[in-house]
Every structure is written in C-alpha cells, then in structure tokens.
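Excluded from the calculations below are hydrogen atoms, water molecules and symmetry mates; all remaining heavy atoms, backbone and side chain alike, are included. Everything quoted here is computed from the prediction, not taken from an experiment.
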Amino acid sequence: MNIHEYQAKTTLKSYGVAIQEGIVASTPDEAVEAAKKLNEQTGTEWWVIKAQVHAGGRGKGGGVKLAKSLDEVKSIANDIIGMQLVTPQTSKEGKKVHQVLVAQDVYYPGDSEPEEYYMSVLLNRANGRNMIMYSTEGGMDIETVAEETPHLIFTEEIDPAVGLQGFQARKIAFNLGLSGQAFKQMVKFVFALYKAYEGTDSGLFEINPVLKTSDDKIIAVDSKVTIDDNALFRQKDLAEMRDKREEDPTEVEAGEAGLSYVNLDGNVGCMVNGAGLAMATMDIIKLSGGNPANFLDVGGTADAERVEKAFRMILKDDKVEAILVNIFGGIVRCDRVAQGVVDAYQNIGDIPVPIIVRLQGTNAEEAKKIIDDSGLKVHSAILLQEAADKVKEVLA
C-alpha cells in the first residue's frame, strides 16, 4: 500500500526524523490558511506547493511550484488542485490531484550552500537483508544515477540479528562527504529513518532528496513509502491512510470482493485459482502468442458468485480479446466451477469475447460435459497445452 507524501512525513516525524514541515490542503483557501500557519510556526515567507498523488516526478509535470506570496499560494493551489497530473510514473491520462501539501521553504541562504542526497531503505531480496541505498546525487531519478554514474551509489546491508550499527551510520555520513554538525545530524537521521522503516513494516522508504540545509540541518524534503499489505492487520493507523482514489478502481473492487486482481496491459483475460497456477497460466498465454491482461486469483471457493464477479471485472477491460479460465480442482470441485461459469455466462448475457475453460482435478470429466452441453460459446479443455492452443486459435 502506498501513502501520500504528507502522510509519510507525518509518520517519519513520529519516529524522530527531521522533515520539511507542511500542511495538507484540499482547496485554495485552505492552502492560504496553511501558508499563514506555517509562517507563524517556522517563519517561512516562501512556500512550496506540492501535488499529492501516488507518483514520482511531480515537478516535471507541473505539480511542484514555489510561491513567494499568499496570492501566489492561492493561484498555484487553484491551478494544481483538480488538474490531471501527468508524470513519467503515471499513465498518459495522468492522475487527478485532490490535495496539495503546502510546505515551508528550506532552501534559505546561510553560511554554506544546501546540498541534496538520495537515501532509501528497502529489502535486498537476494539475501533477505534490509539495505540502505544512498547517493550524493539527490534530486535525480536513482535509475538515471545508476545508469550514468553507478560509482556514486552506495549500499549498506544490515544484519537482521544485530540491526543497524553505529559504525554503519557513520560510514554513510562519511561517504556523503559530511563533517562537523552535519555529520552528527546525518547519523541521527539514518538511525531514525531505519527505525521508521522497521516500525511501519514498510517495503520501501525513499527520501529524495535528503537535504543538508545552509545551516547544516539534515531533513527529509520528500518521501515515498510503500507499506507491506500483509502487515496492515497490525498497522491500523497506517491502514486508515489508504487513499482508494489513487488506486485502480477494478483492483479496489476485487479486493472488496475477496479476489486477488492486478490489471496488466495484455489482451487475454485470466481467471485462475492459486497464485502459482496464475503465473504459469500467464506464461502459457505469452508462449501462445497472446499477452495476459490481468492477474486474477479467485481462490479456493470458485462458486458461481465469485466467478461472475471475476468475469465482470475482466470484461471492464476493453483490450481483452479472449478469456482463459484455468482451474485446478483440489479443494474445489471442477463440476461446481463449470456450473458457476455457465451460470455466470447466463447472468451476464452475451459475452463478446471467446472463453476457454480448462478444468483439471476432481470431477474434471463431469465439468467438461457441463461446459460442452451448455450450448454456450465456451471452449473446454483438459490439458494446459490444449487450452493454450485454443487461445492461439481464437486470437488468430
């Protein structure tokens, strides 16, 4: 689950991470009041107006702007709120902005120039250890840094048995070229950031940029956080931060129906029971000349109601040219699934794309007979290769 920048910063602050202060606003008038309040709290006379959407590269799309007066705060907030923000990380349609974060200006003049760094905490899946990735090239896409200047990316892996050690935090500050007060502040920042990452059951904590201000403070200017969905049962406060407006409506609907659904870009809809079988089904679709349009796991109770909901979700995608139903009858009987397919087909009405149904396992032969005798435009199969061949045939 992703959360907004303002939510991530609030979470970081609760763990002792120094942040760029800000207040979220849903209207231009609220933005002006937020700016006034920030002026009282921090003394800032300039404000940064940031669109709050689940996507990076907001500045490139016009979603981050500097306001030097209250009139500009209102004008910029009015332009950003309600816009369709297109960034390198959104679709071509972009995302609608519902809120902005009015943040203090932290690039103020002082004894030294502000400097930007990149830092993230994530899981290194190759060895099962948490890892801090950091670079002196803050403010840039880390992918660009990795491609053009890979020697400027550093990593520090944490032994789960002992946790983050002091020498590791000091090494990070040293590699970033810091000294004096800024060095001490960075060590404190790294410890607090890692504590926040572990305490929130996150899969990713990315701060880009981490800023060294002109008076040697170390603060998080931006924050991207991804929470592990499997841990939300013990992260009640974070679960309440979920913004369904930022998610695919079909995926939200699927979750509420107890189905596992991920929208993809292909032309063959998939309905499968079991994640492993779903992955194999997507592979066989690809090998047969098609592209999977979704990942959809109906689970072990593929009754008529769940099958019908699954069909309706798949059919919302106008790119779908065929649907492959691949069910292994272990816990669930194949004949029940077959009857569910027939009932769902009749309830929905005329389905405009061909359906291939492959049922294997308990009562598979009875299931095939139900499909064949239904009189519906449904192709039945027993073997997975047979189903793949039928997919190739209907797409030809």
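Using a 4.5 Å heavy-atom threshold, the side chains of Cys270 and Ile285 count as touching. At least one side-chain heavy atom of Met119 sits less than 4.5 Å from a side-chain heavy atom of Val190. Side chains of Ser120 and Phe205 form no contact here, defined as non-hydrogen atoms less than 4.5 Å apart. Side-chain contact between Ile227 and Val225 is present, with heavy atoms from C-beta onward closer than 4.5 Å.
Partner of Leu176 under the side chain to side chain contact (heavy atoms under 4.5 Å, CB included) criterion, chosen from Phe183, Tyr117, Phe154: Tyr117.
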Verdict with supporting geometry, Asp222 and Arg58, salt bridge (charged side-chain N to carboxylate O under 4.0 Å, His left out): CA-CA 11 Å; Asp222 196 359; Arg58 293 168 295 167; 3.1 Å; yes
Chi angles and distances behind the side chain to side chain contact (heavy atoms under 4.5 Å, CB included) call for Leu259, Arg306: CA-CA 8 Å; Leu259 303 173; Arg306 290 171 72 85; 3.4 Å; yes
Stepwise side chain to side chain donor-acceptor pair (under 3.5 Å) test for Gln339 and Asp335: CA-CA 6 Å; Gln339 191 59 54; Asp335 55 326; over 6 Å; no
Verdict with reasoning, Tyr15 to Glu198, per side chain to side chain donor-acceptor pair (under 3.5 Å): CA-CA 11 Å; Tyr15 282 90; Glu198 283 204 316; over 6 Å; no
Audit row: Lys68, Leu66, side chain to side chain contact (heavy atoms under 4.5 Å, CB included) steps and yes/no: CA-CA 7 Å; Lys68 298 182 179 180; Leu66 178 66; 4.0 Å; yes
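The existence of a salt bridge linking Lys74 and Asp79 is excluded, since no basic side-chain nitrogen approaches an acidic carboxylate oxygen closer than 4.0 Å. A salt bridge does not link Asp343 to Arg336: none of the charged side-chain nitrogens sits closer than 4.0 Å to a carboxylate oxygen. Under the 4.0 Å criterion applied to side-chain N and carboxylate O atoms, Lys65 and Glu72 are not assigned as salt-bridge partners. Checked for salt-bridge contact, Lys369 and Glu365 miss the test: no charged N lies under 4.0 Å from a carboxylate O. A salt bridge links Glu33 with Lys36: at least one charged nitrogen is closer than 4.0 Å to a carboxylate oxygen. Using a 4.0 Å cut-off between charged side-chain N and carboxylate O, Lys236 and Glu240 make no salt bridge. Salt bridge status for Arg242 with Glu247: present, with a side-chain N to carboxylate O gap under 4.0 Å. Using a cutoff of 4.0 Å between basic side-chain nitrogens and carboxylate oxygens, Arg234 and Asp201 are scored as salt-bridged. A salt bridge between Lys224 and Glu5 is absent, with no side-chain N of the basic residue lying under 4.0 Å from a carboxylate O of the acidic one.
Checking Asp243 against His4 by side-chain atom types alone, a donor-acceptor pair falls below 3.5 Å. Donor-acceptor pairing under 3.5 Å is recorded for the side chains of Asp215 and Tyr108. Side-chain polar atoms of Ser380 and Asp372 form a donor-acceptor pair below 3.5 angstrom. Side-chain contact annotation: Ser69 with Asp71, donor-acceptor N/O pair under 3.5 Å absent. In this structure, a donor-acceptor pair under 3.5 Å is present between the side chains of Gln20 and Lys50. When only modelled atom types and interatomic distance are considered, Gln104 and Glu21 share no side-chain donor-acceptor pair under 3.5 Å. Under 3.5 Å, the side chains of Thr226 and Asn2 contain a donor-acceptor pair of N or O atoms. Of the N and O atoms on the side chains of Gln185 and Lys217, not one donor lies less than 3.5 Å from an acceptor on the other residue. For the residue pair Tyr118/Glu206, the side-chain donor-acceptor check at 3.5 Å is satisfied. A side-chain N or O of Ser91 and one of Glu93 form a donor-acceptor pair less than 3.5 Å apart. Side-chain contact, Thr44 with Thr42: no donor N or O sits under 3.5 Å from an acceptor N or O. Side-chain polar atoms of Arg358 and Asn326 form a donor-acceptor pair below 3.5 angstrom. Remark: the Asn130 side chain and the Glu157 side chain contain no N/O donor-acceptor pair separated by less than 3.5 Å. A donor and an acceptor atom, one from each side chain of Tyr194 and Gln168, are nowhere located under 3.5 Å apart.
The CG atom of Asp318 lies 12.0 Å from the CG atom of Asn267; values are rounded to the nearest 0.5 Å.
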